[in-house]
Amino acid sequence: MDAFELFRKLGAGAKFDLKRFGQDAVRFKVQLKHVADDVSSDPLSAIDYFGPAPANGAQSKTTGLEDEGGEESEEGSGDGKLKDTGGNCISWTSSLEGKIQNLPSEGKEKNSLKRLKHLHQEKVNRIRSQHRINVHGCDVPDPVCTFEELQSEYHLNPRVLQNLRDAGLNSPTPIQMQAIPLMMHSRELLACAPTGSGKTLAFCLPLLTHLQQPANRGFRAVVISPTRELASQTYRELLRLSEGVGFRVHIIDKASLAAKKYGPQSNKKYDILVSTPNRLIFLLKQDPPALNLSSVEWLVVDESDKLFEDGKTGFREQLATVFLACSGSKVRRAFFSATCTPDVEQWCRLNLDNLVSVNIGHRNTAVDTVEQELLFVGTENGKLVAMRDIIKKGFLPPMLVFVQSIERARELFHELVYEGINVDVIHADRTQQQRDNVVNSFRAGKIWVLICTALLARGIDFKGVNLVLNYDFPTSAVEYIHRIGRTGRAGHQGKAITFFTENDKPLLRSIANVIKQAGCPVPDYMIGIKKIHSKVKRRLEKKPPKRSTICTTPRFLMKKKGKAQGRNKKSVSHCDFLRICT
DNA sequence: AAAAAAG
């Protein structure tokens with residue numbers, strides 16, 4: 001396959017600033033050529049890696065969502081091109097390898113060696129199935145069962161291990177068990193694990209371990225996130241983990257954008273960078289570039305399916321620009337998300353080196369720690385009534401309320417702000433200062449009800465969100481999975497209520513299927529609704545049903561009621577709130 | 001529709 005064709009695929013038709021990135025593009029081509037040569041010399045990986053493009057069937061099979069007819073298809077079924085690890089693909093732990101090499105190679109001993117191998121393999125298989133770890137690819141290292149093993153096998157910094165313990169983290173989650181050893185072996189991967197199952201740590205630990213110690217060569221690891229809030233959360237996680245180790249972890253904020261502090265004159269005393277894509281690009285496109293990513297060894301794409309979103313103003317083009325800027329010869333890439341589209345899967349299969357894909361449980365499913373409920377509210381007005389009812393009946397804060405647009409977020413906020421509860425709102429039209437304040441207050445428990453757009457749908461880890469309310473119906477099953485994933489995290493219990501009206505009927509079936517698959521009851525008729533055409537579905541994702549404005553206050557009252565009334569209102573404490581509501 | 005760079 002022509003390397004430049006791959007390069008074009010990466011951009012999905014996007015236009016690159018070839019003048020600026022021309023040099024990188026050439027290097028990129030060379031790199032791809034190198035990979036292609038490697039592959040052609042190895043017949044096995046040639047099959048796995050550059051196999052013929054999957055047939056249409058295989059492509060649409062990989063997300064259980066696209067054809068949600070309730071099929072319980074194993075996620076492996078669509079991965080025809082990737083070899084299963086069952087059998088002889090497992091690598092050996094170094095200790096066992098040693099033992100075996102010391103054995104005399106007589107017939108009898110050979111037999112016992114075979115048995116030993118077999119037993120080891122059985123053990124590994126058992127661990128994987130116990131934790132619902134599904135893995136596809138060649139030479140996949142064994143999962144680790146404790147953080148201590150990371151120290152003995154992969155030289156995890158003892159201080160990092162201590163930091164883990166201090167944070168109350170005692171043993172790895174399934175995604176961590178498998179993804180960490182893979183990244184430690186410098187394997188490129190596509191990892192798919194449920195919301196709140198520890199993906200952030202799964203890539204942060206290997207980054208810290210891989211870099212070993214601070215160096216002055218510029219950034220060696222980059223993490224990309226779709227929102228600033230998620231970037232800053234990952235940044236803080238890295239800071240916490242690397243405390244006392246001396247790594248220079250950075251996030252591109254407004255100040256660093258203005259200062260261009262990573263420019264050519266910098267002393268390159270940086271190790272890890274966390275950012276949203278556009279900020280990176282902003283720095284890369286300066287003349288001279290205010291950021292150099294040529295020393296990057298690890299590029300982590302968090303919420304990868306989101307960042308692969310296409311379209312003229314979508315993320316995909318930005319991501320491609322970042323990929324090209326990471327021009328070093330040994331750059332490795334890892335993709336993480338709770339959901340995975342066929343798009344991402346195929347791209348990874350074609351472009352990553354000897355890809356391993358890791359899935360925890362079934363792909364694209366909601367966590368079973370969330371009690372999910374669909375609530376018919378009749379009309380738009382019914383939503384507000386039902387919302388007030390929830391508040392009146394009493395609920396345990398904090399609660400997250402998702403709406404479909406910024407305008408509706410504003411409207412709902414104005415409806416609830418005088419109810420005597422601590423409510424706030426967050427969306428991309430608020431200033432960064434406001435956004436930061438809101439997130440901090442919500443984390444501190446000062447806000448009980450937070451109204452938000454899709455801004456907070458992905459990756460954000462608020463401890464102890466008790467209720468997610470989908471005030472507006474989610475635009476897709478994927479969106480639904482991420483929204484309700486803000487609760488029920490790390491094994492805790494959570495609850496999600498989703499309002500729906502007659503207008504939401506087209507997407508009702510697909511969301512009902514997600515709920516059913518997670519083990520929550522749904523009325524049979526919903527599953528029985530006729531499947532909508534995928535064209536219609538796509539249109540709904542882009543243009544959700546038009547909804548009337550959220551407003552109950554008669555106009556003549558709205559003018560009299562100013563902000564003054566809100567200001568004079570006696571503030572209510574958290575205890576008061578609980579009393580009001582019970 | 002939202003998000004992502006400033007303003």
Side-chain angles (χ1 to χ4, degrees), chain A residues 14 17 222-234 251-260 262 273-287 289-291 301-322 325 337 339 400-412 425-436 438-439 451-460 470-483 486 503-504 506-507 536-550:
Chain A
D17 185 347
V222 172
V223 180
I224 316 215
S225 309
T227 62
R228 292 174 213 153
E229 280 69 17
L230 184 53
S232 119
Q233 178 180 291
T234 307
I251 185 164
I252 305 181
D253 53 16
K254 260 192 177 166
S256 52
L257 276 174
K260 300 182 185 177
Y262 311 114
L273 182 61
V274 186
S275 176
T276 48
N278 238 357
R279 290 189 161 183
L280 276 180
I281 289 164
F282 187 72
L283 290 181
L284 290 169
K285 289 204 168 154
Q286 312 266 330
D287 195 18
L291 177 66
V301 182
D302 199 7
E303 304 295 346
S304 45
D305 54 336
K306 182 74 187 171
L307 290 170
F308 254 75
E309 243 173 36
D310 216 340
K312 216 167 188 171
T313 53
F315 278 123
R316 194 171 179 142
E317 183 182 345
Q318 300 169 20
L319 194 61
T321 309
V322 175
S337 185
T339 51
L400 268 177
V401 182
F402 282 96
V403 292
Q404 74 178 20
S405 71
I406 292 175
E407 193 46 43
R408 287 179 63 79
R410 286 197 191 106
E411 288 169 7
L412 185 56
V425 60
I426 188 170
H427 49 69
D429 263 8
R430 301 205 75 185
T431 65
Q432 193 56 56
Q433 184 66 57
Q434 288 171 324
R435 282 164 64 164
D436 291 346
V438 166
V439 168
I451 300 160
C452 62
T453 58
L455 176 70
L456 288 191
R458 283 175 177 257
I460 301 298
N470 288 317
Y471 190 90
D472 287 338
F473 209 68
T475 53
S476 69
V478 164
E479 161 104 357
Y480 175 78
I481 290 167
H482 286 278
R483 282 187 187 181
R486 296 318 99 210
N503 292 339
D504 301 313
L507 278 173
V536 180
K537 202 194 253 175
R538 245 172 283 146
R539 201 192 59 219
L540 280 169
E541 275 193 37
K542 283 175 188 149
K543 280 195 204 309
K546 179 96 182 86
R547 308 181 195 279
S548 56
T549 52
I550 306 173

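Both backbone and side-chain heavy atoms feed into the values below; hydrogens, waters and symmetry mates do not. Chain naming here is simple, since letters A, B, ... match the order of the sequence lines and numbering starts at 1 in each.
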Contacts of type salt bridge (Lys or Arg N to Asp or Glu O under 4.0 Å), residue Asp253(A), not counting sequence neighbours
none

With sequence neighbours left out, write down each residue that passes ring-ring contact (aromatic ring centres under 6.0 Å, His included) with Phe282(A), or none if nothing qualifies.
none

Across all chains, not counting sequence neighbours, the salt bridge (Lys or Arg N to Asp or Glu O under 4.0 Å) partners of Arg483(A) are Glu479(A)

Once you apply a heavy-atom cut-off of 4.0 Å, does Ile281(A) come out as touching a base, just sugar-phosphate, or nothing?
nothing

Glu411(A): what forms a salt bridge (Lys or Arg N to Asp or Glu O under 4.0 Å) with it, not counting sequence neighbours?
none

Arg435(A): which residues meet the salt bridge (Lys or Arg N to Asp or Glu O under 4.0 Å) condition with it, sequence neighbours left out?
Glu229(A)

With a non-hydrogen cut-off below 4.0 angstrom, is Arg435(A) in contact with a base, only sugar-phosphate, or nothing?
sugar-phosphate

Along DNA chain B, 5' to 3', what are the outermost nucleotides having an atom less than 4.0 Å from a heavy atom of chain A?
dA1(B) to dA6(B)

